[in-house]
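Order of the sequence lines sets the chain letters (A, B, ...), proteins ahead of strands, with each chain counted from 1. All heavy atoms count here, side chains included; hydrogens, waters and symmetry mates do not.
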Number of protein chains: 2
Amino acid sequence: MPRPTKQSPERGDARTRLLKAARDVIRRKGFAATSVDDLCQSAGVTKGAFFHHFKTKDALGVAAANFWAETTSALFASAPYHEPDDPLDRVLAYLDFRKGIIGGETFEYTCLVGTMTQEVHDSAPAIRDACAASIFGHAATLEADIKAACKQRNIAADWTAESLARHTQAVLQGGFILAKATGDPDLARESVDHLIRYVRGLFGVEPDTSEASYKERST
Amino acid sequence: MPRPTKQSPERGDARTRLLKAARDVIRRKGFAATSVDDLCQSAGVTKGAFFHHFKTKDALGVAAANFWAETTSALFASAPYHEPDDPLDRVLAYLDFRKGIIGGETFEYTCLVGTMTQEVHDSAPAIRDACAASIFGHAATLEADIKAACKQRNIAADWTAESLARHTQAVLQGGFILAKATGDPDLARESVDHLIRYVRGLFGVEPDTSEASYKERST
DNA sequence: GATTACATACCAACTGTATGGTATGTGTAG
DNA sequence: CTACACATACCATACAGTTGGTATGTAATC
């Protein structure tokens, strides 16, 4: 695999431009409905550049899923929800953060790898696996805080931290579908609210009304 | 192949066969990746028959969503979860029923209209609207029981029955995505378990261990 | 009750275009 | 002078949709 030139860092090289185009166009139109020409036009490169960097369209799909995993994990790693000392507060702050970044156009807040998983789960195992790695890799970053919260509050749970972490991702993915069905991001936020209420209930926390939202967004 | 030349009692044999093929093939491959030829071959009809019954491929998408809405609402209407006298028990029995029918091959238990919504939400408004009608129409059938349960148990909720009904659908849709990512239906069932725990918590019901499952399935 | 007229349900072959992918050329950095 | 990063031009195919036709049913007219 020819690594992209790190010697010209300022110039937006074709590979990254294609990955960014894939991230946005596929979230709008879906993977199958997005043609190679669509991506080239959106990225402002030619077809020769596309097939220079990606052997096939499927290979771009895998690369786009990996690109998504890298960029989102960087985003979440630097997000402020890790600040609270109380692990449960960190979990709740995570959910509040997720709620906060839902807004604007559908393609801006929905999940690339969730979208691709739906489409290719049965026909492109390589893409599906890359998507799964992104989803469950992200879910795994929540487990430590959930476990710590259980320990700190002496929760004898009949559920595992792993399953609750996965459930948060399921709620988000499902919320995105309802939002897509209507074009209204409020439907996704609404489900996150139910999820927050659920987590509070699991840990015996009273419904808090202090509303210290980490990110306000009214668009 | 002998020509089915009966038209009196039931309209168009080929039409129904195409809709059933669409239901199954689209759940496997997605809408965009499913060609008209795929559908014709799977249904055992010719392309002429396809375009006799459906003006365009998109028109079939709309018809498939409506077909899905009709057949699933018939299934749920005749399901046994309506039997309990206690409205909350009916809601919990619904969720248990939904959990019970998750199993087998992915295309057998996942949701056609959820799948299609993801793909066409931005490019085919007619299909998206038909899918939305199916999803929210089904969600609406839960509202009465949720409302009755609130009234009976004097729940002063900061959430609406409508939003909880929608949330159940979000959890199911999200669970399907996780299941598709791994090929394991247990991931979908796991999220339904969390949802059941949430609903019990909302109504102050202790985690029940009597396990009166409406449908057992070990696949 | 035979004829005409029209509608439905399908079939086989075809068409223009869009698609994923290839072959080959070119400018530039090292 | 060569390896890389693109660009241009092209190709075989798969695709949605069309065309023209056949077989059969229905209902009114003569």
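In this model, the phosphate group of dC6(D) is approached by a side-chain N or O of His53(A) to a distance below 4.0 Å at OP1 or OP2. Between dC10(C) and His52(B), no contact under 4.0 Å exists linking OP1 or OP2 to a side-chain N or O.
No hydrogens or angles considered: a donor-acceptor pair under 3.5 Å links the side chains of Arg197(B) and Tyr198(A).
Within the structure, side-chain hydrogen bond (donor to acceptor under 3.5 Å, both in side chains) pairs that include any residue of residues 168-180 of chain B comprise Gln118(A)-Lys180(B), Tyr94(B)-Gln169(B), Thr115(B)-Lys180(B) (at least two apart or interchain). Here side-chain hydrogen bond (donor to acceptor under 3.5 Å, both in side chains) pairs that include residues 70-79 of chain B, with residues two or more places apart or in two chains, number zero.
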Notebook entry, point to check: How does each nucleotide of nucleotides 7-15 of chain D score, in 5' to 3' order, for protein heavy atoms under 4.0 Å: base (B), sugar-phosphate only (S), or none (-)?
Noted result: BB------S
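Straight-line distance from the NZ atom of Lys55(B) to the P atom of dT19(D): 13 Å, rounded to whole Å. Atom CD in Gln41(A) sits about 13 Å away from atom C1' in dA18(C), given to the nearest Å. Spacing between atom CG of Leu39(A) and atom C1' of dG20(C) amounts to 12 Å, rounded to whole angstrom units. Rounded to whole angstrom, the span from the CZ atom of Phe51(B) across to the C1' atom of dC14(C) amounts to 14 Å. Rounded to an integer number of Å, the gap from Leu18(B) CG to dC11(C) C1' is 13 Å. The distance between atom CZ of Arg17(A) and atom P of dA5(D), rounded to the nearest whole Å, is 16 Å.
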Identify every side-chain donor-acceptor pair in residues 119-126 of chain B under 3.5 Å, counting partners at least two apart or on other chains, and give the distances.
unit_1    : atom_1 : unit_2   : atom_2 : d
Glu119(B) : OE1    : Ala32(B) : N      : 3.0
Glu119(B) : OE2    : Phe31(B) : N      : 2.6
His121(B) : NE2    : Arg27(A) : O      : 3.4

Contacts table for residues 102-110 of chain B: side-chain donor-acceptor under 3.5 angstrom, sequence neighbours left out:
unit_1    : atom_1 : unit_2    : atom_2 : d
Glu108(B) : OE1    : Glu105(B) : N      : 2.7
Thr110(B) : OG1    : Thr106(B) : O      : 2.9

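Partners of Glu162(B) by side-chain hydrogen bond (donor to acceptor under 3.5 Å, both in side chains), not counting sequence neighbours, listed by chain and number: Arg166(B).
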